[in-house]
Amino acid sequence: MKNVLCERKTHQPTEPDAIERRELPAAAAQAVRDTAREIAVTIDTMPGLSARAAVTLTDPALIELVDTHAAHLPEAVRTVLRPPESAAGAAVVARLPLRDDELGPTPRDWRQAAAWSGEPDRRHASLQLDITMLLLARCAGEPFGWQGQQDGRLVNNIVPSPGHEHEQSGASSTTLLTPHTEDAFHPRRAHLLMLGCLRNPDRVGTTVSSVREVRLDDDQRRRLSEPRLPILPDVSYGTDFHQYPAAPVATVGDDEGRPTLRYDPAYTPLDDADAEFRSAYAHLGAELERVCRTPVLAPGELLLVDNDVVVHGRVPFTPRYDGTDRWLKRVNIRLPRRRAAAEAGESGYGQATVTPFGTKYAETPEVSPG
């Protein structure tokens with residue numbers, strides 16, 4: 001399966017005001033960091049706290065602390081973290097106080113980052129950063145994870161990893177990460193994606209393209225709105241999903257007259273479609289490239305992406321693997337938003353969500369965390 005978008009290192013620069021720019025007031029931003037530090041210290045003194053659930057951020061006692069403290073953060077935090085409102089479908093939020101010397105080296109993969117969260121000499125700094133992201137995500141909506149991805153962690157680490165340079169996943173580097181809907185294969189994918197930048201010395205850009213800025217004629221829109229092809233899980237979920245039915249899904253949807261998008265060309269078997277559908281899909285890919293913008297996140301900045309409207313990716317870069325590479329943290333967030341009823345019958349290839357905050361926004365029954 002080939003990528004639709006060409007593999008190139010430069011894209012249309014971000015236009016003024018095209019992507020919303022927001023800023024956390026200094027006092028509110030500091031309150032988030034101080035609260036995360038307080039929670040990290042508190043859980044170290046709590047008897048009976050599950051070590052594994054603590055580092056995956058799913059222990060009920062920790063979740064209760066996050067829930068309680070998030071509710072008492074300044075209202076400005078929730079205001080700044082509201083879903084993107086412009087047609088671009090994305091917003092950059094500045095600036096969370098962050099010092100490079102508190103991070104330690106960039107881990108070589110998510111497993112190393114996870115291990116550091118449990119090591120006594122690294123735990124406080126690593127765990128505080130994860131709790132910071134979780135507090136922010138809780139102010140935006142309902143954070144959740146995936147049992148089959150990064151061991152069920154609510155906060156994922158996105159770093160270049162040796163041996164994964166050319167694959168279509170967050171661990172890649174030297175190849176273009178093709179713009180895609182996050183977890184497009186699953187009916188319970190995030191409504192809102194939050195990416196937090198810890199380190200980005202090479203100014204690697206994150207690409208974003210909104211379906212609400214593309215041009216499709218009536219015939220193209222009709223073809224793309226019909227369920228024609230499935231979208232398969234990406235390699236971060238493994239390969240053991242062939243036992244599940246691969247249901248065809250609609251690429252372009254509709255939300256009260258406004259288009260929505262479910263798109264992942266790297267994991268869509270386009271060769272199985274007819275010529276007319278492939279032509280419409282290729283045109284959509286070209287349009288997404290035409291409207292593509294590439295914000296470059298600085299340390300302490302967040303990127304909010306409306307996952308029902310925007311596809312995101314990353315330009316290629318050369319990793320050094322010396323502890324100074326790009327390092328992002330990612331959180332999936334659910335909002336009180338409904339999707340097409342037809343999605344409820346999809347299998348999701350057996351992938352279950354981890355929902356320690358409950359199922360307030362559930363559309364179908366959830367699997368509780370193990």
Side-chain angles (χ1 to χ4, degrees), residues 1 52-53 55-58 109-111 114 134 137 141-158 161 164 167-172 177-195 227 229-251 253 260-269 305 307-308 311-313 329-335 337-370:
M1 290 177 283
R52 180 189 178 279
V55 297
T56 60
L57 304 181
T58 58
D109 56 34
W110 72 264
R111 290 181 177 83
L134 195 56
E142 182 185 300
F144 70 97
W146 296 95
Q147 287 187 349
Q149 187 179 70
Q150 296 204 12
D151 202 22
R153 282 166 168 76
L154 297 185
V155 178
N156 297 159
N157 289 277
I158 308 300
S161 300
H164 298 268
E167 70 184 22
Q168 285 296 307
S169 77
S172 68
L177 181 59
T178 304
H180 60 283
T181 302
E182 188 73 5
D183 301 314
F185 72 93
H186 206 284
R188 296 198 57 75
R189 61 196 178 277
H191 296 115
L192 184 67
L193 187 68
M194 186 172 75
L195 298 172
L229 297 173
I231 300 176
L232 306 177
D234 69 56
V235 295
S236 68
Y237 290 93
T239 58
D240 186 23
F241 51 80
H242 300 289
Q243 60 183 303
Y244 298 96
V249 303
T251 303
T260 59
L261 185 62
R262 191 173 179 184
Y263 179 86
D264 194 345
Y267 293 96
T268 300
V305 176
N307 199 44
D308 286 328
V311 290
H312 71 285
K329 287 185 179 285
R330 176 185 65 202
V331 187
N332 292 290
I333 302 169
R334 185 163 292 122
L335 302 174
R337 179 189 291 178
R338 295 284 179 176
R339 293 198 175 104
E343 294 191 14
E346 296 176 21
S347 71
Y349 302 91
Q351 299 300 324
T353 54
V354 178
T355 58
F357 286 100
T359 56
K360 179 180 179 182
Y361 304 143
E363 298 169 38
T364 56
E366 289 284 359
V367 175
S368 60

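Everything numeric here is computed off the predicted structure, so don't read it as measured data. Keep in mind that the numbers below use all heavy atoms, side chains included, and drop hydrogens, waters and symmetry copies.
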Quick one: do Glu346 and Arg339 make a salt bridge, cutoff under 4.0 Å?
no
Can you confirm whether the side chains of Asn156 and Lys329 place a donor and an acceptor under 3.5 Å from each other?
no
Kindly indicate whether the side chain of Phe357, heavy atoms from C-beta on, has any atom under 4.5 Å from the side chain of Arg334.
no
Quiz question: by atom type and distance under 3.5 Å, do the side chains of Thr355 and Glu142 form a donor-acceptor pair?
no
Atom CZ of Arg189 and atom CG of Asp264: how far apart are they, to the nearest 0.5 Å?
11.5 Å
Pro230 to Pro269 - nearest heavy-atom pair and separation:
O-CD, 3.3 Å
With distance as the sole test, does Thr181 use its side chain to make a donor-acceptor pair with the main-chain N or O of Tyr263 at under 3.5 Å?
yes
What's the shortest heavy-atom distance between Val331 and Ala137, and which atoms?
CG1-CB, 3.6 Å
Please find the pair of heavy atoms, one from Ile158 and one from Gly170, that lie closest to each other, and give the distance.
CG2-O, 3.4 Å
Please work out whether the ring planes of Phe185 and Trp146 are parallel, tilted or perpendicular, with thresholds of 30° and 60°.
tilted
Check whether any side-chain N or O of Arg262 sits under 3.5 Å from a backbone N or O of Ala184 as a donor-acceptor pair, and report yes or no.
yes
For residues Phe144 and Leu154, report the shortest heavy-atom separation together with the two atoms involved.
C-CD2, 3.7 Å
How far does OH of Tyr267 sit from OG of Ser169, to the nearest 0.5 angstrom?
6.5 Å
Check: Asn332 and Leu193 side chains under 4.5 Å, non-hydrogen atoms
yes
Can you name the nearest heavy-atom pair linking Thr58 to Gly152, along with the distance?
CG2-O, 4.2 Å
To the nearest 0.5 Å, atom CD of Gln351 lies from atom CG of Asp183 at 9.0 Å
Does any non-hydrogen side-chain atom of Asp234 lie less than 4.5 Å from one of Gln168?
no
Quick one: are Leu261 and Thr251 in side-chain contact, heavy atoms under 4.5 Å?
yes
Check: Asn157 main-chain N/O paired with Gln150 side-chain donor or acceptor under 3.5 Å
yes
Aromatic ring pairing Tyr349/Phe241, orientation class (parallel under 30°, perpendicular over 60°, tilted between)
perpendicular
Compare every heavy atom of Pro265 with every heavy atom of Pro179, then report the nearest pair and how far apart it is.
O-CD, 3.7 Å
Side chains of His191 and Asn307: closer than 4.5 Å at any heavy-atom pair?
no
Validation row: His312, His180 side chains within 4.5 angstrom (heavy atoms):
yes
